[in-house]
Peer 1: 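For reference, the structure I am asking about is given below.
We name chains A, B, ... by the order of the sequence lines, and we start the count at 1 in each one. Please read all numbers here as calculations on a predicted model, not as lab measurements.
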Amino acid sequence: MVRHQCACKILQPTNTSPDTIAGGGCFDAEETGRKTIGGCMKDSGEDRCSGKGRCGNCGGKTAGTFGPCVLSQLSQSGVEMKGWTESKFLLSCNKNPLCWVTELHHPGEGGKTAGGNSANTTKSAKPAPQKKDNSSVAASERKGGDRQTDKDRKKDVPHPRMQFDDENRVEKAKKRSVVKQAEARNRVELFRHLPQYEHGARLTDLESKFFQLGPVHPAVYKVGFRYLTGDISGGNARCIAMLQAFQESIKDYSTPPEKTLIRDLTSKINCYVSFLIECRPLSISMGNAIRFLKRRITSLPLNLSESEAITSLVSDIDRFINEKIILADNVIVKHAVTKIRDGDVLLTYASSSAVEMLLLHAHELGKRFRVVIVDSRPKLEGKMLLRRLVGKGISCTYTHINAVSYVMHEVTRVFLGASSVLANGTVYSRVGTACVAMVAHQFRVPVLICCEAYKFHERVQLDSICCNELGDAEMVSRVTGREDINSLDGWTSSENLQPLNLLYDATPSDYVSMIITDYGMIPPTSVPVIVREYGREYLLI
Amino acid sequence: MPDVHSLVNEFVIKLKKRQIEGSKTTAKLTAELLRSFISQLRLPHSNQAGALIDAVKEVGEKLITAKPVELAVGNVVRRVLHIIREEDLSITNAAVGGLNLASESDDDDGNDEYDHPVLSASAVAAAARNALRPPSLQTLLDDIPHAAATPHTSSSGDDSEGKSKSADSLRRKLKHDVIEAVNELIQEISTCHEQIAEQAVEHIHHNEVILTLGSSQTVKEFLLAAKEKNRSFRVFVAEGAPRYQGHAFAKELASRGLQTTVITDSAVFAMISHVNMVIVGAHAVMANGGVIAPVGLNMVALAAKRHAVPFVVLSGVHKLCPLYPHNPEVLLNELKSPSELLDFGEFSDCLDFGSGSGSPLIHVVNPAFDYVPPDLVSLFITDTGGHNPSYIYRLIADFYSPDDLVVQRKSAS
């Protein structure tokens, strides 16, 4: 069967059924100024395709060079086209709403459209900009079975992420963004490929836009706002908040006329996700959760009524939160508590929800141990952890990350949390974790990472620069609570001075002794195994 | 004398109250204090070097115990002692050389007076015994009778006019030489930054990325000297919690035209893969090549070792301490106030003593220094040039004498 690739090269053609050909392209209407629908100029009276037009979806002009008229293209390339008719311009490719797909049908099929499968988010596609892309599997086509064919496996290669030094993409993204972001002044050159925006203006901008954000559900808006202010932070908290906001929006959802539930809901979710990204880039756990949600949506049987579909989705989300996050944490704590003995001195860095649960549980079990909390700027999350632990009666030592070599000689175990564990065993976590793990390794202290399995990802990363998140530079220049330290006031005026606020770093796998997950206690080398064996399972539930 | 004593006491109080910061300043002030002390000292006729050494040791002990963690004080005291011994030795050698000539011409001219002081053989022998000599069995045995020998020298020293005049001028000469040498020491301490900065252009080339932590005067001069020679490079400055001196440092570098990025200390491991060289200053350098450095530098050194980035330590020679460190993290460290980390008001409810056990639930640890072992240091750049950490013990012999390692006044035997 003939397959054409979309000109923007994002959409891989689908093989929904052997009788359809899918093809498409983007257009640039600027040059001709002609108004045509979709790709084929035949509508406007031309009998030959000239490759210009407007988007079939929204009517906006598009950019691209691929010739639109598939029929004429195919006949020009010599493919036998007799008997094929062109159907309407049905679908957007959902990767780029300005890109479209035409479906052609062999009349033998009776004009049945291929349903919503071909352009749905089997790739968990989100509209650009996206920082992290998830791998794509045409899951809807696979009718069960654990083995993947070669073709499917090739599609599993994760798409490259949006790189912010690519001018074209950035321009496109800016046009579509809901929140207007001002580029940060004094950008660090090394991080040109990551978004660096000024944080100050976004809050007020977002506030003022509240009543204009039609497509965004108020629950999602609220969550996005809380991300922006830093109210919610931490992988699990952010993920749960996001999923609950989506739950709310799904409960309030009703299908507009002439649209199918699956497709419309998916596009709505995409819209919310892009809004959340603009508030704060997604963490890897959130990306996995979104992928799960989209897969559940697309695998909804077509014969369900709307209310049934909604309740099914809502219960799926509940199940995900319960099984993958809450119960997983309990299992992790149960495993990890066996690693704590009486008389231990445990070290932890910043604040991780899993480690906190572990320490509280061990204390409840009556184990006698001391905790050393290492904290660092600019977030100083360790202070909150210190308060909570001392409130429960655990004796703690508090210090800052520079002094970690001083305290490490009396530490027996190091427990760290993670934002994600990548396929090469690298632990992607709060900045400073790598330093703590390195010093622990130097002093031969075992390092244990507590991480739920839904945070694993098949991406790989070698250093902390190629993928990271940059926070507000003001937080580096200003020291909260120490008003006497104000040398960096007015740093924006100096063009040679740039404060840099990295939020994450990558700990190499040789510093990590063991990872404690809800699937058990594994060495860092076993992470890709878990992703492969259990990845399909949990995403499809 | 009371003048000098009050000066000494004032200095001791300032040290105890930590009003003097920075090893260079401390070293300079110590040297100046010792210089005024020596110049006002009245020395006995004989065994001047011994008396001088004892007096300096007495003052030195007071200064060292005032602030033991400030190793520069002890370094300067030991340098001065070494200077005294050396000057004494050189005078003795000169005198011996003079004696040989004198003995020849004695036969010729009898009682002619000579321009240069002439010593009797016994005086020379006595002086030679007092002078700096490597410890050996002979010196140990000689020490006991030498105390008896000195009165003889002094009593037999009244035979000729030249003898007493020579003793006077000899005494003056020692003090004079010592003070001159101490002046040179002060000069050396003052100009150590320039000497080190001169070597900057050999080590920093174009398009380098340099990492440093906190703030150091030596590093600043080093980097600016390279900038003067039109080398363009970038600097990452880690802020150096909890004093955050990195902020002011970065601002100053940026105002001089260097591309500076301020990062938090936790981001050091993340950034070090993109760094060409780590350049830091030190608080003190120990005899085994280990470094007492501002807190956080051990972490940086480990990260640099992991990524094979050279870790360069800049230090003036006055920071070189002849002691070998034993458990330096504890013994050579200072713990500062927890208020720099935790606000007392915020945590006032938790700082209470825990229920039942009677011991506080929160401990706050805030060390001021870190020990960097010598295998993590790639290079030391001092005013005498660049050295490997394994060479430092050899440099010690140039500047210090082995007798002075323990600065304690020997009780009068």
Side-chain angles (χ1 to χ4, degrees), chain A residues 188-190 350 372 375-378 383 386-387 389-391 393-407 409 430-436 438-439 442 462-465 468 476-477 479 481-482 485-488 491 494-502 504-508, chain B residues 213 234 236 239-244 247-271 273-274 294-299 302-303 306 329 333 338 340-343 346-347 349-350 354-355 357 359-367 370-371:
Chain A
V188 182
E189 278 313 296
L190 194 57
V372 179
D375 202 8
S376 86
R377 283 236 307 140
K383 278 192 186 170
L386 174 70
R387 186 173 275 285
L389 288 183
V390 168
I394 303 178
S395 83
C396 301
T397 305
Y398 179 80
T399 181
H400 62 98
I401 192 169
N402 279 339
V404 72
S405 326
Y406 181 82
V407 294
H409 66 273
R430 178 69 64 220
V431 67
T433 313
C435 290
V436 172
M438 171 182 70
V439 177
Q442 168 81 8
L462 287 172
D463 67 4
S464 320
I465 312 277
N468 211 316
V476 169
S477 56
V479 183
R482 300 277 296 275
I485 308 210
N486 54 2
S487 325
L488 284 186
W491 58 270
S494 161
E495 74 269 1
N496 287 329
L497 187 58
Q498 304 124 13
L500 179 64
N501 187 1
L502 276 182
Y504 292 105
D505 73 7
T507 308
Chain B
L213 187 137
R234 291 189 293 138
F236 283 116
E239 53 183 13
R243 301 182 73 187
Y244 303 108
H247 288 198
F249 189 62
K251 183 124 194 218
E252 205 171 328
L253 286 183
S255 66
R256 302 286 199 100
L258 278 175
Q259 283 284 324
T260 324
T261 306
V262 179
I263 60 175
T264 53
D265 311 304
S266 35
V268 161
F269 192 89
M271 300 306 299
S273 51
H274 285 252
V295 70
L297 278 175
N298 188 25
M299 195 173 72
L302 284 171
R306 156 87 183 196
E329 303 228 313
N333 211 336
E340 289 177 355
L341 297 182
L342 277 189
D343 187 35
E346 227 175 274
F347 278 85
D349 49 341
C350 307
S355 52
S357 55
S359 60
L361 282 181
I362 297 187
H363 289 270
V364 179
V365 175
N366 188 6
D370 233 350
Y371 173 68

Peer 1: I'd like to check the ring-ring contact (aromatic ring centres under 6.0 Å, His included) partners of H400(A); sequence neighbours left out, ordered by chain and number.
Peer 2: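 In terms of ring-ring contact (aromatic ring centres under 6.0 Å, His included), with neighbours along the sequence ignored, H400(A) is linked to no residue.
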Peer 1: By a 4.5 Å heavy-atom criterion (distance strictly below it), what part of A403(A) contacts chain B: side chain, backbone, both, or neither?
Peer 2: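 For A403(A), backbone and side chain are both near chain B.
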Peer 1: Output all residues satisfying ring-ring contact (aromatic ring centres under 6.0 Å, His included) with Y504(A), sequence neighbours left out; order by chain, then residue number.
Peer 2: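 For Y504(A), the residues satisfying ring-ring contact (aromatic ring centres under 6.0 Å, His included) (neighbours in sequence not counted) are Y428(A).
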Peer 1: Looking at every heavy atom in both Q259(B) and Q498(A), which two are closest together, and how far apart are they?
Peer 2: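 Heavy atoms only, the tightest pair is OE1-NE2, 3.2 Å.
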Peer 1: Under 4.5 Å from any heavy atom of chain B, what part of T433(A) do you find: side chain, backbone, both or neither?
Peer 2: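 Contact with chain B involves no heavy atom of T433(A) at all.
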Peer 1: For I401(A), is it the side chain, the backbone, both or neither that has a heavy atom under 4.5 Å from a heavy atom of chain B?
Peer 2: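 Both the backbone and the side chain of I401(A) come within 4.5 Å of chain B.
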Peer 1: Against chain A, label L258(B) side chain, backbone, both or neither, depending on which of its atoms sit under 4.5 Å from a heavy atom there.
Peer 2: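 The backbone, not the side chain.
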Peer 1: Using only heavy-atom distances, determine whether the side chains of Y406(A) and N333(B) contain a donor-acceptor pair under 3.5 Å.
Peer 2: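 No, N333(B) and Y406(A) have no side-chain donor paired with an acceptor closer than 3.5 Å.
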Peer 1: Given a strict heavy-atom distance threshold of 4.5 Å, which part of I394(A) is in contact with chain B: side chain, backbone, both, or neither?
Peer 2: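 It is the backbone, since no side chain atom gets that close.
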Peer 1: Using non-hydrogen atoms only, which part of V439(A) is less than 4.5 Å away from chain B: side chain, backbone, both, or neither?
Peer 2: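 Answer is both: backbone and side chain atoms of V439(A) are under 4.5 Å from chain B.
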Peer 1: State the OG-CG distance between S477(A) and L500(A), to the nearest 0.5 angstrom.
Peer 2: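 Interatomic distance, S477(A) OG to L500(A) CG, rounded to 0.5 Å: 12.0 Å.
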Peer 1: Given heavy-atom pairs under 4.5 angstrom as the criterion, report whether the side chain, backbone, both or neither of V479(A) touches chain B.
Peer 2: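 Only the side chain of V479(A) comes within 4.5 Å of chain B.
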Peer 1: Spell out, as yes or no, whether a donor-acceptor pair under 3.5 Å connects the side chain of N468(A) to the backbone of D505(A).
Peer 2: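 Here the side-chain-to-backbone pair does not exist.
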Peer 1: Which atoms of E239(B) are under 4.5 Å from chain A, going by heavy atoms: the side chain, the backbone, both sets, or neither?
Peer 2: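 Just the side chain, heavy atoms under 4.5 Å.
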Peer 1: Taking atom types as modelled and ignoring hydrogens, do the side chains of S405(A) and N298(B) form a donor-acceptor contact shorter than 3.5 angstrom?
Peer 2: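 Short answer, yes.
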Peer 1: Could you check which of V365(B), I263(B), T264(B), L297(B) has the highest count of heavy-atom pairs closer than 4.5 Å to chain A?
Peer 2: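 Answer, by heavy-atom pair count under 4.5 Å with chain A: V365(B).
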Peer 1: Looking only at heavy atoms and a cut-off of under 4.5 Å, which of S464(A), P378(A), C396(A) has the most pairs with chain B?
Peer 2: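 Option with the top pair count is C396(A).
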Peer 1: Heavy atoms, side chains only, cut-off 4.5 Å: are N366(B) and T399(A) in contact?
Peer 2: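 Counting from C-beta outward, N366(B) and T399(A) never come under 4.5 Å.
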Peer 1: Counting heavy-atom pairs under 4.5 Å to chain A, which of F249(B), Y244(B), F236(B) comes out on top?
Peer 2: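 The answer is Y244(B).
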Peer 1: As an exercise: rank I465(A), N501(A), D375(A), L502(A) by heavy-atom pairs under 4.5 Å with chain B and give me the winner.
Peer 2: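 Max contact count across the listed options: I465(A).
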Peer 1: Can you say whether R243(B) sits under 4.5 Å from chain A via the side chain, the backbone, both, or neither, judging by heavy atoms?
Peer 2: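 The backbone, not the side chain.
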Peer 1: Chain A heavy atoms under 4.5 Å from T261(B): which part of the residue, side chain, backbone, both or neither?
Peer 2: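 Contact with chain A involves both backbone and side-chain atoms of T261(B).
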Peer 1: For H247(B) and V476(A), which heavy atoms make the closest approach, and how far apart are they?
Peer 2: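 Heavy-atom minimum between the residues: CE1-O, 3.3 Å.
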